[in-house]
There are 2 protein chains.
Amino acid sequence: MDNRERILETALELFYARGYDAVGVQEIAEKSGVTKPTLYYYFKSKYGLLEELLTSRGEPFLEELHRACVYRGDLKETLCAAARVVADFARKEPKFSILFVAQYYSARESEVYQAVRPLVFRLQKEIEGVFNAAADDLGNMHGRQLQFSLGFIGLVILYLIMKHETEEIKGLDISEQEIEALVHQFMHGIYS
Amino acid sequence: MDNRERILETALELFYARGYDAVGVQEIAEKSGVTKPTLYYYFKSKYGLLEELLTSRGEPFLEELHRACVYRGDLKETLCAAARVVADFARKEPKFSILFVAQYYSARESEVYQAVRPLVFRLQKEIEGVFNAAADDLGNMHGRQLQFSLGFIGLVILYLIMKHETEEIKGLDISEQEIEALVHQFMHGIYS
DNA sequence: TTCATTGTATACCGAACGGTATAAACTGTC
DNA sequence: GACAGTTTATACCGTTCGGTATACAATGAA
């Protein structure tokens, strides 16, 4: 692993544990085994480092998600596919996933939220697209697509956090059964 | 309003908008119309100020919630009562509510999460208590109380954020119908 | 009046912050 | 070997950070 990648990895580790603002550039450089000017050789600023981190990890995720969100006439199947992408990504990149959620819910005027905005926007548009397509088939859904999509995203995120809370980071592992149960609960409630 | 209260109010405003770490003590003092030593006369540190802010606003909420979470044989009714307390509080203290959520999801080793932990713990215990009591009546729920309570908290929080996202801060106003619809969705899914 | 308590202001502290100027070492190409 | 471009280290910049020493008003009780 080259220096650039090692810096990104270290930054992820520290931002995940203590948050962007609480971590100094100095510490990131030291823990990466380089000095500060080296860090600034690769990234134009601390904020630039954060942006790079988000896009480098977020882009592959959004591409996979885009492929999963093509509606093929079965809402449950499509939602499961989307949730599966999230689950896969959470397994591969647990710390990034949790960091993303933290920034998703952070103060609107903070730097971290500004940085994560573009990713959040695209994520929401993907899920909205699913419900919009489904609303053509299922009339009773019409007009509530935004509510449902935000609700679905929140529910999946929530499940991630729950897992993270109870099983610690190494086990951010969501099984196929869990995915189906989650989507089923979203669609039919906790009773059935 | 005395200086102490004005400092708390200013801190809430700034923490809500930009986050705890990004706001300096200097700025809080200036915007409160006092100087730094005055701030340190009332609060022993910046972190102490945050703690005071959280407990002063959080305590009344938790007391109300405790009263609402007494299980009287009807799960839906009890969940509605709990959600109603959250909704009322969100209407009265919108910025605090959103700040609370942000800290709820923030990095585990950060100061802000450490500060909000006791409140989070008590909140979770209240809701868990409801599902535990209900599990005695409804056997099929047994063993899934933790999952349901975290799910319920997340769903309500989610709704708050959704409102905040779409209507901006002044309108963090959740109607009785919305509360019932939310609980109903939680219990029976989005179809019914 | 005296006295302690509460509350406020001026001015300052050392440390850490994000960021950079400068130059030396390394790398591959010709 | 000469050279250009890349990569690193030393040492420093100004600014802001959280926090405080000191002193001075204001207040109410004795």
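A, B, ... follow the sequence lines: proteins, then strands. Residue 1 opens every chain. What you are looking at is a predicted structure, and each value in this text was computed from that prediction instead of being measured.
When each of D:dT7, D:dA11, D:dG19 is scored by its nearest atom to the side-chain atoms of A:Asn3, the top-ranked nucleotide is D:dT7. Distance from the side chain of B:Tyr40 is smallest to D:dG18 among D:dG18, C:dA21, D:dT8. The nucleotide whose nearest atom lies closest to any side-chain atom of B:Gln26 is, among C:dG19, D:dA9, D:dC17, D:dC17. With C:dG18, C:dT10, D:dG19 as the choices, the nucleotide that has an atom nearest any side-chain atom of B:Thr35 turns out to be C:dT10. Minimum atom distance to the side chain of B:Pro37 is reached by C:dT10, of the listed D:dA9, C:dT10, C:dG18. Residue A:Thr38 has its side chain nearest to D:dA9 when only D:dG18, C:dA9, D:dA9 are considered.
Side-chain to base pairing of A:Lys36 with C:dG19: one donor and one acceptor N or O lie within less than 3.5 Å of each other.
A salt bridge links A:Glu52 and A:Arg4; the closest N-O separation between the charged side-chain nitrogens and carboxylate oxygens is under 4.0 Å. A salt bridge is defined here as a Lys NZ or Arg NE, NH1 or NH2 lying under 4.0 Å from an Asp or Glu carboxylate O, and A:Glu51 with A:Arg117 fails to meet this definition.
Look at OH on A:Tyr41: it is 17 Å from P on C:dC26, rounded to the nearest Å. The CD-P distance, from A:Glu30 to D:dA9, rounds to 12 Å in whole Å. At whole-Å resolution of the value, CD1 in A:Ile28 and P in C:dA16 are 16 Å apart. As a whole-Å value, the separation of B:Glu111 CD from D:dC17 P is 15 Å. Atom CG of B:Leu39 and atom P of C:dA9 are 12 Å apart (whole Å). Computed from coordinates, the A:Arg18 CZ to C:dC17 C1' distance equals 14 Å when rounded to whole Å. The CG-P distance, from A:Asp21 to D:dT16, rounds to 16 Å in whole Å. Residue A:Ile7 contributes atom CD1, which lies 11 Å from atom C1' of D:dT8 at whole-angstrom precision.
Defining each end axis of the helix from C:dT1-D:dA30 to C:dC30-D:dG1 as the rotation carrying four pairs' C1' atoms onto the next four, with five pairs an end, the two axes are found to diverge by 10° to 10 degrees.
Proximity of a side-chain donor or acceptor of A:Glu178 to a complementary backbone N or O of A:Ser175 within less than 3.5 Å is detected. Side-chain atoms of B:Arg57 do not come within 3.5 Å of backbone N or O of B:Thr55 as any donor-acceptor pair.
A:Tyr42 comes within 4.0 angstrom of the backbone, heavy atoms only, and of no base.
The side-chain tip of B:Lys46 points at the ring of B:Tyr20 from less than 6.0 angstrom away and within 45° of straight on.
With DNA chain C read from its 5' end, the first of the two nearest nucleotides for A:Glu27 and A:Lys44 is the one closest to A:Glu27.
Under the 6.0 Å cut-off for aromatic ring centres, A:Tyr105 and B:Tyr104 do not qualify, their centroids lying 6.0 Å or more apart.
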request  = Any chance you could lay out the side chain to side chain donor-acceptor pair (under 3.5 Å) test for A:Tyr41 and A:Asn3, step after step, and finish with the verdict?
outcome  = CA-CA 11 Å; A:Tyr41 173 79; A:Asn3 280 338; over 6 Å; no

